[in-house]
Amino acid sequence: FVLLPLRAACWPVPVPLVGATCAGATAYILNCSSESWIRSGPLADFLWRIDSVFPWTSLFPTPIRVGYLSLMGSLAVLLGGFWFQRLMLRLLLSYRGWLTEGRKASFKTKVWGALLKYLVMRKAKHGTYDFQHALPRLSVPPLESTLEKYMETMQPLLSPEEFAELGRNKDTFLKTDGRRLQLLLHGKSYYSNNYVSDWWLKYAYHRSRSSILISSNCYGVGHYQLIPTSDQSARAAFLVRMYCEAHQLIDREQWTPMTINGIVPLCMEQAAPPPRGGPAKFYGGGFQRDRRIFSRLECAHFGSKS
């Protein structure tokens, strides 16, 4: 679990290869002459000035200082390259023309799909959250469009008098609080990849007091067609084992991320740890490091605090 954040930062290059590259670059720089461009150029001078700010660095011999500065400098260059690659991938995934073209794709969409397939998805196996930092953020729709769709949704459910009253309330909201709330929502969307998901989990999902069995998507399927046994205990044990294995795959980030046609990656936040808000109580040993939404095995009681 300690290496998972480092693995995410170094994606798509494996961590051992990044370490070997940094070590090789450090050894090369140490063997270079002190008059060479790599040890006396602008970048080397910049790193040396930063290192000289700290008073204790003057206690180290020059080769030691050159060594750790070379290591940190090479790592910073590699991480910058990885960040730039994720930025380019985010720009690629921001293209939405393929959603409305149907079966006959345009030349632009074909080029876009080829770039994703052969430059990004060429790797045989990806980690669960490899694409999370490259996915484009959820855009905020115009306020007028949201209100119009809301009115269309509510019209079959209301009487003409109620619908007329709702229309007046809509106009009042649009002239008063609507613009201010829309501006705040735009602000939230810039520091959050999805401005809806955290509110949905905290208020609409975790704080609901309805019966989970009939009001939520809580279910388990052992076998689709073949039923190996009618023993309920054996089938329950099989389900528990499969839940444990799924939980372990998600914890190790080995669950294959979902994609559309093997090209467009989808968000895997539904497998992320849930927020700790709300009066939820967890019982049992189980997995104490975190509790994943996808395969929670603890018995959760969302009742009173007594």
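The first residue of the sequence shown is numbered 1, and numbering continues consecutively from there.
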With a 4.5 Å heavy-atom cut-off, do [X] and [Y] have their side chains touching?
X    : Y    : value
S74  : T21  : no
E101 : S106 : yes
E144 : L174 : yes
Q132 : L135 : yes
M72  : Y68  : yes
L89  : L116 : yes
C244 : Q248 : no
V140 : L185 : yes

**OP:** Apply side-chain contact (heavy atoms from CB on, under 4.5 Å) to the pair R65 and S70, showing each step before the final yes or no.
**Re:** CA-CA 8 Å; R65 297 179 65 181; S70 302; over 6 Å; no
Going only through I, L, V, M, F, W and Y residues with side-chain contacts under 4.5 Å, is there a path from [X] to [Y]?
X    : Y    : value
M258 : W98  : yes
Y195 : L181 : no
F84  : L79  : no
M88  : L115 : no
L91  : Y118 : no

Measure the spacing between [atom1] of [X] and [atom2] of [Y] and express it to the nearest 0.5 Å.
X    : Y    : atom1 : atom2 : answer
R90  : L92  : CZ    : CG    : 12.5 Å
T146 : Q182 : OG1   : CD    : 6.5 Å
F107 : T109 : CZ    : OG1   : 10.5 Å
K108 : Y95  : NZ    : OH    : 5.0 Å
L147 : N169 : CG    : CG    : 11.5 Å

Original post:
Linking Ile, Leu, Val, Met, Phe, Trp and Tyr through side-chain heavy atoms less than 4.5 Å apart, which residues share a cluster with L71?
Top reply: none
**OP:** For a side chain to side chain contact (heavy atoms under 4.5 Å, CB included) with V66, tell me which candidate from D51, L30, L47 qualifies.
**Re:** L30
Assess whether atom [atom1] of [X] is packed by more than 12 heavy atoms of other residues, nucleotides or ligands within 6.0 Å.
X    : atom1 : result
Y28  : OH    : no
F46  : CZ    : no
F173 : CZ    : yes
N261 : CG    : no

Result block: side-chain N/O donor-acceptor pairs under 3.5 angstrom for residues 12-19, not counting sequence neighbours:
none

Original post:
Salt bridge check: are K170 and E152 linked by an N-O gap of less than 4.0 Å?
Top reply: no
**OP:** State whether D45 and R49 are salt-bridged, where the test is any N-O pair (Lys NZ or Arg NE/NH1/NH2 against Asp/Glu carboxylate O) under 4.0 Å.
**Re:** yes
Subject >> E245: partners by salt bridge (Lys or Arg N to Asp or Glu O under 4.0 Å), with sequence neighbours left out >> reply: R241
**OP:** Would you please classify the geometry between the F131 ring and the H126 ring as parallel, tilted or perpendicular, with 30° and 60° separating the classes?
**Re:** tilted
For the student: nearest non-hydrogen atoms of [X] and [Y], plus distance:
X    : Y    : value
P136 : R96  : CG-NH2, 3.5 Å
I250 : W255 : CG1-CE3, 4.0 Å
L78  : C22  : CD1-SG, 3.7 Å

Subject >> Step-by-step side-chain contact (heavy atoms from CB on, under 4.5 Å) determination, L166 to Y150 >> reply: CA-CA 10 Å; L166 183 64; Y150 175 70; 3.9 Å; yes
**OP:** Using the six-membered ring of W199, assess whether NZ or CZ of K188 lies under 6.0 Å from its centre and within 45 degrees of the ring axis.
**Re:** yes
**OP:** Determine, stepwise, if the pair T259 / V264 fulfils side-chain contact (heavy atoms from CB on, under 4.5 Å).
**Re:** CA-CA 5 Å; T259 60; V264 184; 5.9 Å; no
Subject >> Check against side-chain contact (heavy atoms from CB on, under 4.5 Å), N194 and C267 >> reply: CA-CA 10 Å; N194 190 321; C267 179; 6.0 Å; no
